[in-house]
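Below you'll find the structure, written out as structure tokens, and then a few comments.
Here, residue 1 is the first one in the sequence, and each next residue gets the next number. Counting starts at 1 for both ligands and their atoms, in listed order.
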Amino acid sequence: MTNFDPESIHDVKGVPVHSVHRHDVVIVGAGLAGMRAAVEASAEFDVAVLSKVFPTRSHSGGAQGGIAASLANEEEDHWEWHMFDTVKGSDYLGDQDAIEIMVKEAPVVVREFEHMGCPFSRTREGRIAQRKFGGHTKDFGKGGPILRACYAADRTGHALLHTLYEVCVHNRVRFYPEFFALSLIVRDGVCRGLVAWDVIGGGVHVFHAKAVLFGTGGYGQVYRITSNALANSGDGLSLSLRAGLPLEDMEFVQFHPTGLYQSGILVSEAARGEGGYLTNDKGERFMERYAPQKMELAPRDLVSRSIQTEINEGRGIGGGPYVHCDLRHLGADKIMKLLPQIHELAWKFLHVDCIKEPIPIQPTAHYSMGGIPVDIDCRVLIDGKSKPVAGFYAAGECACVSVHGGNRLGTNSLLEASLFGRRAGKAIVRFLRETRDFPELPSDAADAAIAEVERVLSAGGSESVGAIRTELKDKMSAGCGIFRDGGKLEKLAGELRGLEKRFRNIKIDDRSEKFNYDLLEAIELGHMFDFVELIVAGALKRQESRGAHSRTDFPDRDDEKWLRHTLAWKRGEKVEFDYKPVTITRFQPKTRTY
Ligand SMILES: Cc1cc2nc3c(=O)[nH]c(=O)nc-3n(C[C@H](O)[C@H](O)[C@H](O)COP(=O)(O)OP(=O)(O)OC[C@H]3O[C@@H](n4cnc5c(N)ncnc54)[C@H](O)[C@@H]3O)c2cc1C
């Protein structure tokens, strides 16, 4: 391998390489996962955080309802109960060793946030306030909903994210705001850094590092109706695939039951946690039919399927594609104190005053259970099973450790991102204590990234990026949404191939370097094509219904054949699969009823 020489490619091919930056640790993503890892590693090492949006605009800041921990501040709770709920919620696909770590360490992580100064809502006695959330129960599911979600009104993510940002600034973490990661440099099983685009100033920057962490978040933007921020385009998944690494369990996509009708903007589960009802056109609380005990607080996969069934069978409001989330009986005081953001969003986006009227809602693409396969120390696995890439870590929504299995419980994601971000930070510190030298940077380190930028900037075709992106989202929603079947999935796979072909013939209007969103949107769309194929192919292969993956042609869970994780690689035009067993320790799979 010859060494990288920035001078040698300076301004060649018309794309300037502006600088080579060196940091012990380079983190991509300033959400809870990325910044919690940065807090941990910056106590000892030089840490940089890149984010394609300004750090505090990361999607974590949009999280509303809460972060789970069995603090037992207001009623009895135990980590074993939290573990049982998470395992059952995952439809037994979650790895129980990882889940056990998460639920045991949860109280520590939440109290650390408190000590950092996070402004949680409080009980009368001054403890962190907790509320009910779907699928979280008392006494191994035998009791009713439990107060487990720690919250700051309905702006929990905002409070947590700003707290971390302040600690990072205090720890002198070096931020690169509005830097867009383009490619990961992995050679011979060793991660050596990455290449990024400076969104504001233009130009390619090479980041040379001993350790890289991805906390790049989710990909809800591949669906038409989604709760996710525009930035959630799954870039990290694509960069990993392009480095020859697999993705795990990509067929498991969570649809949140309550998105605002038409926009998909989230109405937090806190609305139901505080006592909100779901009603259909006849005014029935239809959850009685689907989950007679847990009602609106059944897990998300079940509630979303129930809403979609009501809509499909003509009981949507006025026969339309939505139902109602009714908060009126909670009263103005409770709504304005505990759910102010929901009140504001319903008013701004639908002109509905939820103190006086029910909110029109429909299920919305929300969360990715699958992602980059990692071990319990967040080391990315080359084979998806046991062999780590030296120096490459992933945590948060882009990773699959797998604590959520087939379906995530609400409030377990802020927990996962913070907790595994923290674990990743600690693991990186251990790794760096033993790694004195920077790995060699290959001479072609920046070539792929430069070629991609050059290709887009000189694209002279006829297809519009926006139009293809819209078609991709529509097609994914129609063919790979809440209910799936073999026929629809096969048709979708063909349509995606056709769209990708058209993508190779795009036109670009803006050819400048600075603030060029035409360029970034085209690159993001290319990323989406990389992994949507894996979602669809994985969904087609998995001939069963489990968690959020619901096949109408295979309506039952099939533990004999499918109690296993999917691993998928992209090799040329082909998707290749492998499988690995689920780690089961305390709770054997059982029929899942609520
Ligand atoms: C509206 C909403 C409400 C939610 N509410 C809750 C809740 O109440 N409780 C709960 O547990 N979970 C909730 N979730 C889920 C939870 O918020 C997310 O799963 C979690 O915050 C993800 O954190 P993260 O750190 O992995 O990623 P994110 O917070 O999404 O951050 C991703 C980061 O990666 C960066 N990035 C991505 N690609 C690139 C690139 N190419 N180059 C540079 N930077 C890049 C982004 O700029 C960003 O900084 C909610 C989700 C949504 C959408």
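- No side-chain donor-acceptor contact under 3.5 Å links Arg172 to the backbone of Val47.
- In this structure, CD in Glu166 is found 9.5 Å from CG in Leu164, a value given to the nearest 0.5 Å.
- Residue-ligand proximity: Ser227 is placed with a non-hydrogen atom under 4.0 Å from ligand 1.
- In summary, the aromatic rings of His205 and Tyr176 are positioned with their centroids too far apart to meet the 6.0 Å limit.
- Looking only at protein heavy atoms, the nearest one to atom 48 (C) of ligand 1 is Ser58 OG, 3.3 Å.
- Screening residues 514-525 for side chain to side chain donor-acceptor pair (under 3.5 Å) gives Lys52-Glu524, Arg469-Glu524 as the qualifying pairs, with residues at least two apart or on separate chains.
- The shortest N/O to N/O separation between Gly218 and ligand 1 does not fall below 3.5 Å.
- Of the protein's non-hydrogen atoms, His366 CE1, 3.6 Å is the one closest to atom 50 (C) of ligand 1.
- Among all non-hydrogen protein atoms, the one lying nearest atom 13 (C) of ligand 1 is Ala63 CB, 3.9 Å.
- Nearest protein heavy-atom contact of atom 23 (O) of ligand 1 is Ser60 OG, 3.0 Å.
- Ranking protein heavy atoms by distance to atom 9 (N) of ligand 1, first place goes to Gly66 O, 2.9 Å.
- Close contacts between ligand 1 and Asn228 involve ligand atoms 53 (C) [criterion: under 4.0 Å to a heavy atom].
- Note: an N/O pair closer than 3.5 Å links Ala181 and ligand 1 by distance alone.
- Under a 4.0 Å criterion applied to the non-hydrogen atoms of Asp235, ligand 1 contributes the atoms 38 (N), 39 (C), 40 (C), 41 (N).
- The protein non-hydrogen atom at the shortest distance from atom 2 (C) of ligand 1 is His59 NE2, 3.5 Å.
- Residue Leu266 touches ligand 1 through its side chain alone, judged by heavy-atom distances below 4.0 Å.
- Residue contacts with ligand 1, taken as heavy atom pairs separated by less than 4.0 Å, involve Val28 solely via side-chain atoms from C-beta onward.
- Ring geometry for Tyr219 against Phe531 counts as tilted: the plane angle lies between 30° and 60°, on a 0 to 90° scale.
- In terms of polar-atom proximity, Ala395 is not counted as a contact of ligand 1, lacking any N or O under 3.5 Å from an N or O of the ligand.
- Under a 4.0 Å criterion applied to the non-hydrogen atoms of Thr411, ligand 1 contributes the atoms 9 (N), 10 (C), 11 (O).
- Here Tyr367 has side-chain heavy atoms under 4.0 Å from ligand 1, and that is the only part of it that gets that close.
- Protein heavy atom in closest approach to atom 11 (O) of ligand 1: Leu414 N, 2.7 Å.
- Numbered from 1 in the order shown, with element, the atoms of ligand 1 that lie under 4.0 Å from a heavy atom of Ala30 read 33 (C), 48 (C), 49 (O).
- Around CZ of Arg57, the count of heavy atoms belonging to other residues, nucleotides or ligands within 6.0 Å does not exceed 12.
- The side-chain heavy atoms of Leu50 and His21, taken from C-beta on, include no pair separated by under 4.5 Å.
- Using modelled atom types, one side-chain atom of Thr156 and one backbone atom of Gln64 make a donor-acceptor pair closer than 3.5 Å.
- Ring-plane geometry between His23 and Phe207 is classed as parallel, the angle between the planes falling under 30 degrees on a 0 to 90 degree scale with a further cut at 60.
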